[in-house]
Amino acid sequence: MAAYTTITGALQLHAKHIPQRPAFIFHDCQGGRQVLTYELIYRLGGRWAAVLKASGLGRGHFILNTLPNSPERAVCETGILLSGAVSVNGQCQLADGSDILHGLQKSQATAIVLDPDVHNSPWNPLRTHLELIGQNDVACEKLPSLRKVFFIRRREKGSDDDFLSHLENLDDWFYDDSISVDDICGVFTTSGSTGFSKLVVKTHGDIAHFVKKRALLEEQKKQRYERSVFDSDWKLKELFLGGQPITKQIMEAASAFSDKIKVGYGGTDIGMISFLDVDDINKYNDFDCGSPAPGVEIKIVNTEDEGTIMPTGERGLILVKHMDTVISYLNDPDATKALYTSDGFIRTGDIGKLTYDGHLIVEGRGSDAISRGMYIFYPGWLETRIRRCPGVVDVAVVGVPDPVVGEELCACLLLESDDITVQSVREFVEKDIVTSIDDPLSPRPRFYFKFDSFPLTSTDKTYRRVIRDEATARAMQRRCSDAVENIRRKSHTTASLEEQKKQQYERSVFDDNWKLKELYLAGQPITKQIMEAASAFSDKIKVAYGGTEFGMISFPDVDDPNKYNDFDCGTPTLGVEIKIVNTEHEGTIMPTGERGLILVKHVDSRVQLLNEPDATKALYTSDGFFRTGDIGKLTADGHLIVEGRGSDAISRGMYIFYPGWLETRIRRCPGVVDVAVVGVPDPVVGEELCACLLLESDDITVQSVQEFVEKDIVTSIDDPLSKNKTYITNRDSELSHEDTPLSVNWKKRKVLTQELWRLSRQSPGPCSYMLNSYHNVRHSSSTTATGVARSSPTRLIYRLGGRWAAVLKASGLGRGHFILNTLPNSPERAVCETGILLSGAVSVNGQCQLADGSDILHGLDKSQATAIVLDPDVDNSPWNPLRTRLQLSGQNDVACEKLPSLRKVFFIRRSEKGSDDDFLSHLENQRLVLRRQYQCG
């Protein structure tokens with residue numbers, strides 16, 4: 001391909017030699033995809049250039065382009081380039097349009113391009129300043145150079161209002177071939193964090209020089225563009241990190257996306273200053289930006305005295321000199337001059353140091369700058385705008401730590417009187433700054449705090465560091481309060497005081513301060529950190545240790561979270577004996593304070609696994625102790641310290657997973673030679689499942705294994721019980737669960753049934769609260785998909801349960817029968833369980849996670865269930881795999897050769913309230929109730 005010296009020349013060559021190669025690929029939020037090839041963008045851009053020429057625009061004119069990133073923006077920019085005019089980047093963040101007016105004024109723009117229909121369109125504030133004459137002509141006394149406005153819209157493809165379709169129908173085409181290397185190519189804007197954005201001039205030569213460095217290799221012509229940035233494993237060939245200080249933690253996360261990582265340091269105005277090729281992430285040091293780029297000189301000077309150069313290894317202000325770059329701010333000679341020192345170095349505003357091997361360490365911004373994500377904000381400009389709010393005496397905007405974006409903006413306020421509220425200031429700012437607070441470029445503060453006074457330095461200046469420390473403490477407290485309030489809001493009832501008297505149960509679990517009266521922590525090792533977090537929700541905390549099979553083993557009352565020790569589960573409960581034995585030899589009891597396997601003996605509990613005599617026997621030692629599988633120790637004062645699981649078990653949140661069973665299923669995947677499922681640390685759930693794979697050849701990818709498992713295990717990856725997690729080849733990951741035998745505690749059945757009868761006579765309050773995770777929610781009046789608890793008053797659940805028991809009895813089910821219940825947690829599940837209890841039958845918990853239904857078939861087979869209850873409409877319904885195995889005759893009768901005991905299937909649906917298909921409504925209409933059945937044994 002021939003050489004080029006301008007961007008328009010490069011575009012012309014690409015359109016001629018590689019016309020069908022994509023120049024831009026756009027993806028929208030709805031999953032749509034649009035490709036602009038070099039030929040197409042050159043053709044449409046030339047037609048837009050002809051429109052501009054016909055409007056009297058071209059060489060020497062500046063056009064402010066405010067369109068969002070889109071195909072329209074790309075074509076519009078191309079047309080401005082081809083016409084010989086200069087595109088100026090424009091953005092609208094302020095409600096009064098002052099930032100757009102500033103851009104128009106500073107650039108002396110002749111025209112502006114905008115979409116009047118988008119959110120926060122610049123046309124909203126501009127329409128009051130500009131006089132529209134005809135279709136495109138405008139006049140404005142304060143902007144004498146502005147003559148044209150172009151409205152660019154996206155409409156139905158093919159319509160006259162659609163910008164790209166309109167250009168397709170035009171014939172005229174134009175290209176100014178006199179454009180030279182020294183002509184201005186574009187005007188870029190800084191982030192605007194110090195005030196209004198500065199306008200940075202770049203010539204065709206500047207940008208062409210950069211583009212040539214990244215020219216495509218000739219063989220890439222043969223490669224499909226979708227794969228050009230990926231290697232054979234679909235990892236990025238290269239990944240560039242920049243825009244904020246890069247830590248080792250960020251580097252480790254980035255290594256999942258690419259094996260070749262570069263760290264770059266530079267800016268919109270100054271270009272690339274330094275870069276680092278990271279060959280080994282384990283050897284990367286925090287904030288290392290590598291060696292200076294060719295033609296770049298760096299020096300570190302004292303922050304108070306730029307004439308003093310700092311010794312190697314000591315931090316100071318970073319100054320740079322770039323051989324290829326001379327910065328010029330458009331129509332702003334004072335700002336351009338202030339950027340440079342007397343000896344021609346550029347003031348970056350960043351703080352850092354040089355190492356002995358010549359690497360630049362960039363630690364962050366100097367002075368009062370706030371680093372939010374990839375953007376830098378200076379508080380002065382924002383403080384000036386907030387001071388315009390009536391009643392604000394003074395304001396200091398500081399940065400407070402944030403785990404996601406580094407720092408968040410926080411406005412610390414001095415207010416005129418108590419009549420002026422923080423909320424009124426917030427509303428003033430939200431009206432003044434129209435960009436969303438979630439926009440990374442938005443200068444809206446996240447936090448607002450009222451101060452009685454500001455601390456001062458010895459020279460009577462505002463002491464920002466002290467203010468920042470106080471704001472940081474308040475922000476942390478606010479986050480904790482918001483989390484607690486969120487939980488309270490979900491539980492809070494809006495009923496009147498009189499209704500609350502009748503429904504004391506709505507508040508029975510809370511104290512007068514809406515803290516939980518008691519909070520139980522269990523299901524995973526409890527650390528002091530977890531305890532401190534839990535203390536925000538309750539002043540009375542208990543740590544419980546036990547299991548589904550063997551009941552409660554121990555639970556201490558935690559009176560003071562500050563005195564709590566990691567993993568302390570307290571002293572044994574009444575009737576429980578604990579001993580710690582050697583993990584290799586159960587006959588050896590470990591001394592006090594030494595860790596080992598926890599064995600327990602419970603006077604009130606004897607575990608029986610349904611139809612599993614061998615598995616039941618294996619749970620116990622020869623002297624009758626139960627093997628918990630947990631590792632721990634006993635302290636000198638008799639407390640049990642439970643540190644976690646033994647062997648290969650993986651502790652994920654409240655659930656324990658064993659890898660063997662899952663490994664067996666993954667080995668069924670074609671191309672998998674071997675797999676090891678292990679637990680990797682996770683800050684939220686303790687451990688995540690990780691599948692480490694040995695694959696047959698390079699043709700077998702990790703992605704193909706992941707897809708196999710996702711088809712095999714149908715539960716969502718976010719389900720805490722899901723076995724479907726993460727993957728890595730020879731270092732990748734996934735999750736598992738051992739065959740869990742079915743547990744039955746026969747002693748509790750009579751007690752539960754009699755207690756239910758007693759409660760229904762004594763109290764109309766709720767029998768229980770359950771988090772509603774029902775997938776197919778339709779009763780929006782009483783329950784929502786967000787997990788709001790729905791209670792069933794005891795008399796109601798007893799009445800409906802009795803009616804369901806009558807249905808079961810009429811179907812020939814009752815004492816001695818097992819019924820597999822697969823419904824999700826829901827009101828229907830609660831009523832169904834109650835009915836099974838009252839009928840004298842036994843409910844067996846069932847769950848479907850595997851696409852082939854083998855887990856459900858295992859449950860039916862092991863329990864020898866006579867019936868199964870399911871919802872055929874929910875996601876991952878057991879009916880999907882079962883329908884091919886069961887022969888349905890009539891409404892509920894089924895037959896299956898491999899499951900001779902199975903005779904009934906009940907379809908429980910949630911439909912519109914009152915309809916015949918709705919399970920609870922159907923029971924309400926039943927009149928037959930099975931009574932006094934609570935006496936079953």
Side-chain angles (χ1 to χ4, degrees), residues 7-8 11 23-24 26 36 41-42 44-94 97 99-127 129-130 136 138 140 143 145-154 162-164 166-167 174 176 179 183-192 196-204 207 268 329-331 435 441:
I7 296 304
T8 49
L11 183 59
F24 296 95
F26 294 91
L36 296 179
I41 199 169
Y42 186 64
L44 295 182
R47 291 177 179 177
W48 175 238
V51 172
L52 295 176
K53 184 186 178 187
S55 301
L57 300 175
R59 180 182 292 276
H61 293 130
F62 291 88
I63 300 175
L64 196 75
N65 192 349
T66 70
L67 296 181
N69 280 352
S70 57
E72 291 77 9
R73 170 90 188 211
V75 170
C76 189
E77 288 282 320
T78 305
I80 295 172
L81 271 173
L82 295 175
S83 74
V86 178
S87 174
V88 181
N89 183 43
Q91 54 184 337
C92 181
Q93 295 194 63
L94 303 177
D99 46 356
I100 283 291
L101 292 170
H102 171 82
L104 289 167
Q105 186 180 37
K106 272 291 180 186
S107 64
Q108 299 178 18
T110 310
I112 182 173
V113 178
L114 53 84
D115 184 340
D117 302 327
V118 296
H119 181 59
N120 299 335
S121 171
W123 185 237
N124 298 334
L126 284 180
R127 68 171 74 235
H129 295 275
L130 306 182
N136 298 110
V138 291
C140 178
L143 300 168
S145 62
L146 188 65
R147 295 191 284 107
K148 295 284 184 180
V149 59
F150 294 98
F151 299 106
I152 305 291
R153 292 179 167 91
R154 176 182 292 189
D162 181 60
F163 175 63
L164 298 184
H166 175 68
L167 293 181
F174 176 70
D176 184 347
I179 296 170
D183 285 336
I184 298 176
C185 178
V187 176
F188 298 85
T189 52
T190 61
S191 64
F196 293 124
S197 298
K198 297 184 184 69
L199 308 180
V200 182
V201 175
K202 295 290 182 183
T203 67
H204 279 266
I207 298 178
T268 304
Y329 293 134
L330 185 65
N331 301 325
T435 46
L441 265 176

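All values below come from the heavy atoms of this structure, side chains included, with hydrogens, waters and symmetry mates left out.
- When each of Ile152, Leu82, Leu164, Thr78 is checked for a side-chain contact (heavy atoms from CB on, under 4.5 Å) with Trp48, only Ile152 meets the rule.
- Here Leu104 contributes atom CG and Asp99 contributes atom CG; the two are 10.0 Å apart, rounded to the nearest 0.5 Å.
- Closest approach of Glu77 to Ser87, counting heavy atoms only: OE2-OG, 2.6 Å.
- Closest non-hydrogen pair, Leu57 versus Ala111, comes out as CD1-CB, 3.8 Å.
- Taking every heavy atom of both residues into account, Asp115 and Arg154 meet most closely at OD2-N, 4.4 Å.
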### Task
Determine, step by step, whether Asn124 and Arg127 satisfy the side chain to side chain contact (heavy atoms under 4.5 Å, CB included) criterion, reporting the C-alpha distance in whole Å, the side-chain angles of both residues, the deciding distance to 0.1 Å, and the verdict.
CA-CA 6 Å; Asn124 298 334; Arg127 68 171 74 235; 4.2 Å; yes
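- For the pair Leu36 and Phe26, the minimum side-chain heavy-atom distance is below 4.5 Å.
- Looking only at side-chain heavy atoms (C-beta outward), Ile112 and Ile100 come within less than 4.5 Å of each other.
- Side-chain N or O atoms of Ser70 include one that pairs as donor or acceptor with a backbone N or O of Arg73 at under 3.5 Å.
- Val86 approaches Gly186 most closely through the heavy-atom pair CG1-CA, 4.0 Å.
- A distance of 9.0 Å separates CG of Leu167 from CG of Asp162, quoted to the nearest 0.5 Å.
- When side chains are defined from C-beta on, Asn89 does not count as touching Phe188, because their heavy atoms never get closer than 4.5 Å.
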### Query
Passes side chain to side chain contact (heavy atoms under 4.5 Å, CB included), Arg59 versus Ile179? Steps please.
CA-CA 9 Å; Arg59 180 182 292 276; Ile179 296 170; 4.0 Å; yes
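- Under the 4.5 Å side-chain criterion, counting only non-hydrogen atoms from C-beta, Phe174 is not in contact with Leu52.
- Scanning all heavy atoms of the two residues, the minimum distance from Ile7 to His204 falls at N-ND1, 3.1 Å.
- Tested against Phe62, the residues Ile80, Ile184, Thr110 include a single side-chain contact (heavy atoms from CB on, under 4.5 Å) partner, Ile184.
- Distance CG/Leu146 to CD/Gln108: 12.0 Å, rounded to 0.5 Å.
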### Query
So Ile63 and Lys148, side chain to side chain contact (heavy atoms under 4.5 Å, CB included) or not? Walk me through it.
CA-CA 9 Å; Ile63 300 175; Lys148 295 284 184 180; over 6 Å; no
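- Separating the CZ atom in Phe151 from the CG atom in Asp117 is a distance of 10.0 Å, to the nearest 0.5 Å.
- Using a 4.5 Å cut-off on side-chain heavy atoms (C-beta onward), Ser55 and Asn136 make no contact.
- Shown here are the side chain to side chain donor-acceptor pair (under 3.5 Å) partners of Ser83, two or more places apart in sequence or in another chain: there are none.
- The structure places CZ of Arg147 at 5.0 Å from NE2 of His61, a figure rounded to the nearest 0.5 Å.
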### Task
Could you go through the salt bridge (charged side-chain N to carboxylate O under 4.0 Å, His left out) check for Lys53 and Asp176 one step at a time?
CA-CA 10 Å; Lys53 184 186 178 187; Asp176 184 347; over 6 Å; no
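- You'll find the side chain of Leu114 reaches within 4.5 Å of the side chain of Leu126, heavy atoms only.
- Residue Leu64 holds its CG atom at 13.0 Å from CZ of Phe150, rounded to the nearest 0.5 Å.
- Side-chain contact between Ile41 and Leu11 is present, with at least one heavy-atom pair separated by less than 4.5 Å.
- Looking at every heavy atom in both residues, Cys76 comes nearest to Leu67 through CB-CD1, 4.2 Å.
- When side chains are defined from C-beta on, Val75 counts as touching Phe163, because their heavy atoms get closer than 4.5 Å.
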